[in-house]
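To keep things clear, I will list the structure first and then write my remarks on it.
Both counts, for ligands and for their atoms, begin at 1 and track the order of listing. Only heavy atoms go into these numbers, but all of them, side chains included; no hydrogens, no water, no symmetry mates. In what follows, residues are counted from 1 in the order of the sequence shown.
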Amino acid sequence: MPAEEFMAGWVSGALGLVLGHPFDTVKVRLQTQNKYQGIMDCMVKTYRHESLLGFFKGMSFPIASVAVVNSVLFGCYSNALLALTATSHQERRAQPPSYTHVFVAGCTGGLLQAYCLAPFDLIKVRLQNQTEPRAQLGGPPPRYRGPVHCAACILREEGPRGLFRGAWALMLRDTPTLGIYFVTYEWLCRQYTPEGQTPSSATVLVAGGFAGIASWVTATPLDVVKSRMQMAGLERGAYQGMLDCIVRSARQEGLGVFFRGLLINSARAFPVNAVTFLSYEHLLLAWA
Ligand SMILES: CN(C)C(=N)NCCC[C@H](N)C(=O)O
């Protein structure tokens with residue numbers, strides 16, 4: 001089992017994560033809170049109220065967890081392809097796998113990474129939604145003091161299952177969309193690379209960026225449902241399940257609610273995934 005695929009997944013994921021976190025905070029707030037008029041309004045209010053630090057809330061845990069999550073994604077994807085096609089990463093340029101194999105391997109990576117991601121993502125979303133400035137004299141303190149305190153509170157108040165709130169929606173979001181992610185990346189690389197050659201850095205950047213956009217556009221409706229279910233544990237009258245969340249959100253706010261955050265998600269997805277794939281490919285080349 002090639003360990004370098006896991007290492008490359010980790011480093012590349014961390015680079016992408018830092019770049020995209022401020023956009024992610026705005027997206028999560030738009031999806032779960034009704035007090036913003038749009039992207040600009042959310043950015044301005046966050047900056048005024050919480051300074052630049054507000055955009056980086058909830059980032060420490062994802063940084064710690066990206067080692068597990070991204071290496072599981074890329075490592076399982078590559079190893080699933082190895083099992084399906086009997087070709088290593090280096091051999092795949094000369095003997096490209098079929099898109100069906102790429103899709104199945106992507107779905108496998110997506111499903112397994114979603115399982116590892118669930119508790120970390122829940123804590124990130126809860127912290128990103130705290131709009132109190134960190135040091136507010138005399139004001140109410142934020143509910144959670146940091147990621148460890150947040151995890152401890154969820155365990156105490158909602159039980160161990162509370163840490164997996166929204167996990168089904170997350171798995172349903174990530175399984176097919178990561179298939180789409182790797183198929184888009186492979187397809188674009190093959191379109192712009194002469195047969196048998198390694199794609200140029202520019203091709204990898206563009207293919208990675210568009211793979212990110214394609215996967216996030218298709219993931220957005222379930223991303224909204226997932227974020228709402230993750231926040232619902234805090235309130236009375238929480239959703240009974242995923243279907244209840246879908247029906248109640250649609251009834252109260254119309255179908256448009258499932259596309260909240262689509263624009264900012266896509267804007268974030270391009271640079272994050274361009275950098276992720278570029279560093280992934282370069283690290284694998286360097287270690288080959
Ligand atoms: C649609 N989904 C869930 C994905 N494409 N996931 C993989 C993307 C990885 C990158 N860290 C990001 O956050 O964009």
Measure the [atom1]-[atom2] distance between [X] and [Y] for me, rounded to the nearest 0.5 Å.
X: Leu278; Y: Leu205; atom1: CG; atom2: CG; answer: 4.5 Å
X: Asp223; Y: Asn265; atom1: CG; atom2: CG; answer: 5.5 Å
X: Ser249; Y: Met229; atom1: OG; atom2: CE; answer: 10.0 Å

Atom 9 (C) of ligand 1 [closest protein heavy-atom partner, distance rounded to 0.1 Å]: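 Here the nearest protein heavy atom works out to Asn273 OD1, 3.6 Å.
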Below 4.0 angstrom from a heavy atom of [X], which ligand 1 atoms are there? Numbered from 1 as shown, please.
X: Ser215; value: 1 (C), 4 (C), 5 (N)
X: Ala219; value: 1 (C)
X: Arg268; value: 12 (C), 13 (O), 14 (O)

Option of least heavy-atom distance to atom 3 (C) of ligand 1 (set: Asp174, Asn265, Leu222):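 The nearest heavy atom belongs to Asp174.
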- prompt: For ligand 1, is any non-hydrogen atom under 4.0 Å from Thr276's backbone (N, CA, C, O), its side chain (CB onward), both, or neither?
  reply: neither
task: Using a 4.0 Å heavy-atom threshold (strictly under), name the region of Leu178 that reaches ligand 1: side chain, backbone, both or neither.
output: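 The answer is the side chain.
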- prompt: Looking at the rings of Phe277 and Tyr181, which for Trp means the six-membered one, are their centres under 6.0 Å apart?
  reply: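 Centroid distance Phe277-Tyr181: below 6.0 Å, so yes.
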task: Compute the ring centroids of Phe270 and Phe210, then answer whether they are less than 6.0 Å apart.
output: yes
Residues Glu50 and Arg29 bridged, charged N to O under 4.0 Å: yes
message: Does the residue Arg173 have a heavy-atom contact with ligand 1, meaning some pair of atoms that are separated by less than 4.0 Å?
response: yes
- prompt: Leu17 near ligand 1, heavy-atom distance under 4.0 Å?
  reply: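 Outside the 4.0 Å threshold, so no.
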task: Decide yes or no on ring-ring contact (aromatic ring centres under 6.0 Å, His included) for Phe164 and Tyr115, but give the supporting numbers first.
output: CA-CA 9 Å; Phe164 284 84; Tyr115 188 75; 5.8 Å; yes
Nitrogen or oxygen atoms of Trp216 and ligand 1 under 3.5 Å apart: yes
